[in-house]
Amino acid sequence: AFMAYESNIDRLARQELSVEGFTRLLLSEQCDAWNRDHLTRIYQDMHQPLTHYFIAASHNTYLAQDQLRGPSQVEAFERAFLIGCKCVELDCWDGDDGEPIIYHGHTLTSKIKFRDVIMAVKKYGFVVSEYPVILSLEVHTSVAQQQKMAEIMDDILGDLIYRTPVVKERKAHFMPSPHELINKVLIKGKKLPPDTDEISEDDEAAEIPDAALDTATPKRAKTVRKKGEKKRLKLSVKLSDLVCYIRSAHVKEFKDSYDQEDCDHVCSFVESAGLSLIDNPSMCPKFINRNKKQMSRIYPAGHRVTSSNYNPVPFWNGGAQLVALNYQTACHEMNINTGEFRDNGGCGYLLKPKFMRDPRARFNPHDPATFPVESLRFMTIRILSAQCLPKPGNAQRGEVIDPYVEVEVYGVPSDCKLVKTTTISDNGFNPIWDQSFAFKVNVSDLALVHFRVYDKDIDSDDFIGQCVLPFHSLQEGYRHIALRNKADRALNVATVFVHVTKSFTADSDPSAKSELSSLPPLPKGPLDTVFRTVVPYLQRPGEFHSKVL
């Protein structure tokens, strides 16, 4: 298989690799740090209840820029779907011509037709994967235009809408699985209780600080309700009937009994409220337990008017399924989200670890005594070198960069760690570090590893490239990290060359492997032997060239 990378006829005849052939091998998918099986194939069990998955979710999906003045675009839904998003948000308001519109209410953001968005959902929602699309509806329309919304979804989506009523027996147990919901659209929204046509309304726009709204549109700022005020919303029966299994509800308290909860409730938490639960050592286990059976959605705080994002990792630690981010913003937090959801074939659904699904399990990210012993790993990352690093912003001119590498592990609080190499002066072509870093990863099932390269500068260091991998998708042995830019697009040939080892502790059973942390076998045989032989020469390119030829 190695000879497939050799093009020299004489070398092929002698079953030898030239420097060029060996270079192609090192840079091939076979030596990629990402487990290719995890990138290209849906390998996880997709028959579990929907609440047992982390789901790629977007906040105010229609916005292309900021939250106050920027454009709303139908194309924003296309972009989100094509990078694996499976839950999109639609803020629906009355249109002047009787057609409902979507925009960020009480701001100067532009308006788009609800009908056009639903057509985009049909066209792009299932391109990346066939697993269900969730439409998170924030409804601010009159009953007449709610009726129109239901008619539009009926006309365009038709049988794609999941309409099976929640039967009493199943309501007390579990939601359907992603497999049961293949090629289906789930409507998340308010549902009318029996014998009424009104329900309380919660408006995320009320979270926007008044000062920001005054800047955007002073005349309309006064119409925004203060946080905590309630308003009654009249709801169309026809629209209400489209809501099955993902029914918006309020959390008044966390019930003591797992069996008391109805599985079809989904509760939304602004990031600060979610963090207050997750950072509280006594409340966090209750939140995790609730999320085994019901869904939770987290959304950005109102002060993020520039469409900045929060760190999604703490909310995944708390078992929240729908951690909604501003997909239009290229930032550190979106890199984490994109890296996480590239796993499992990029289908937008990731199975939670078993200890976050089993009702008998008691897990608390703040309490090491609750950590599953089979999830403990020791990891060593040796940063060897980098290749073809671009200038900041991919500029064609400018000074030669002075690169260094950061490696950061995210996960439960005790696993978070940041390390960095020394700086190599004036070498973006082939800088060499050969520095090793050790990590103790207590809960490897929830851990991610982030590689970042920067150019050292006097004022502030410039970003060069990055790559985020789930811990269990990072392969052992000699590997290349293919770098990506802030918008998570590949940087052509820019890579970091590393060696990775993972091991169990002496106290754990080497044969024990949790469902999400089954590690690829440590490379053995000819390839690893070749690597061990040539690594010293890779650090000295001239000597390597003379000794191999």
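Any value given below was found using the heavy atoms of this structure, including those in side chains, with hydrogens, waters and symmetry copies removed. We're numbering straight along the sequence, starting at 1. Note that the coordinates shown come from a computational prediction; the quantities given were computed from them, not determined experimentally.
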Got a sec, which residues hit side-chain hydrogen bond (donor to acceptor under 3.5 Å, both in side chains) with [X], two or more places apart in sequence or on another chain?
X    : value
R452 : E406, E408, Y410, H450, Y454
T380 : none
R36  : E29, D32
N183 : none

Are the side chain of [X] and the backbone of [Y] linked by a donor-acceptor contact shorter than 3.5 Å?
X    : Y    : answer
K292 : D358 : yes
N317 : G411 : yes
Q294 : T51  : no
Q321 : S296 : yes
R24  : Y5   : yes
K122 : I156 : yes
K420 : Y404 : no
R163 : L160 : no
Q435 : T422 : yes
N309 : N326 : yes

| Which is it for M295 and K188 under the side chain to side chain contact (heavy atoms under 4.5 Å, CB included) test, yes or no, and what are the steps along the way? | CA-CA 11 Å; M295 299 188 82; K188 170 192 168 292; over 6 Å; no
| Donor-acceptor pair between T423 and D402 side chains, under 3.5 angstrom |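 No, no side-chain donor-acceptor pair sits under 3.5 Å.
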| message | Distance alone, cut at 3.5 Å: any donor-acceptor contact between the side chains of S7 and E20? | response |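 S7 vs E20: no donor-acceptor pair found between side chains.
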Provide the closest heavy-atom pair for [X] versus [Y] in the form atom of the first, atom of the second, distance.
X    : Y    : result
A447 : V441 : CB-CG1, 3.7 Å
P353 : D445 : CG-CB, 3.7 Å
A494 : C388 : CB-O, 3.5 Å
N442 : S414 : ND2-OG, 3.4 Å

Going by side-chain contact (heavy atoms from CB on, under 4.5 Å), name the residues that satisfy it together with [X], two or more places apart in sequence or in a different chain.
X    : result
P285 : N364
C347 : I42, M46, S129, Y131, N344, Y349
A386 : L389, P431, W433, V496

Within this structure, what is the [atom1]-[atom2] distance for the pair [X] and [Y], rounded to the nearest 0.5 Å?
X    : Y    : atom1 : atom2 : answer
I288 : T370 : CD1   : OG1   : 7.5 Å
F439 : C416 : CZ    : SG    : 11.5 Å
M379 : F437 : CE    : CZ    : 11.5 Å
R79  : Q73  : CZ    : CD    : 5.0 Å
D264 : M175 : CG    : CE    : 7.5 Å
L384 : I432 : CG    : CD1   : 9.0 Å

Side chains of [X] and [Y], heavy atoms from C-beta outward: is any pair under 4.5 Å?
X    : Y    : value
C244 : T164 : no
V88  : Y327 : no
M356 : L446 : yes
P365 : C284 : yes
P132 : I55  : no
V74  : M119 : no
E16  : N8   : no
F126 : V185 : yes

| message | Suppose the criterion is salt bridge (charged side-chain N to carboxylate O under 4.0 Å, His left out): which pairs have a residue in residues 487-501, not counting sequence neighbours? | response |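 Only R484-D488 qualify under salt bridge (charged side-chain N to carboxylate O under 4.0 Å, His left out).
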Return the set of residues passing salt bridge (charged side-chain N to carboxylate O under 4.0 Å, His left out) with [X] (not counting sequence neighbours), or none when no residue passes.
X    : answer
R41  : D37
E6   : none
E75  : none
K391 : none

| query | Are Q475 and L469 close enough, and set up right, to give a side chain to side chain contact (heavy atoms under 4.5 Å, CB included), and what steps lead you there? | reply | CA-CA 10 Å; Q475 298 199 99; L469 305 87; over 6 Å; no
| said: Surrounding NZ of K486 (heavy atoms of other residues, nucleotides or ligands, distance under 6.0 Å), is the total greater than 12? | reply: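 It does not: K486 NZ has 12 such atoms or fewer within range.
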| task | Give a yes/no verdict on a cation-pi contact between K502 and F471, requiring under 6.0 Å between NZ or CZ and the six-membered ring centre and an angle within 45° of the axis. | result |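 The answer is yes, since K502 meets both limits relative to F471.
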| message | Strictly below 4.0 Å, N to O, side chains only: are R297 and E89 in salt-bridge contact? | response |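 Answer for the salt bridge query: yes.
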Describe, in one word, how the ring planes of [X] and [Y] are oriented to each other, choosing from parallel (under 30°), tilted (30 to 60°) and perpendicular (over 60°).
X    : Y    : answer
Y43  : H38  : parallel
F371 : F363 : tilted
Y310 : F315 : perpendicular

| query | side chain to side chain contact (heavy atoms under 4.5 Å, CB included) between I381 and F451: does it pass, once the steps are laid out? | reply | CA-CA 11 Å; I381 296 177; F451 295 86; 3.9 Å; yes
| field | side-chain hydrogen bond (donor to acceptor under 3.5 Å, both in side chains) between H472 and N35, worked out | value | CA-CA 9 Å; H472 60 269; N35 184 322; over 6 Å; no
| Test side chain to side chain contact (heavy atoms under 4.5 Å, CB included) applied to F504 and R377, step by step | CA-CA 5 Å; F504 297 88; R377 299 286 187 279; 3.3 Å; yes
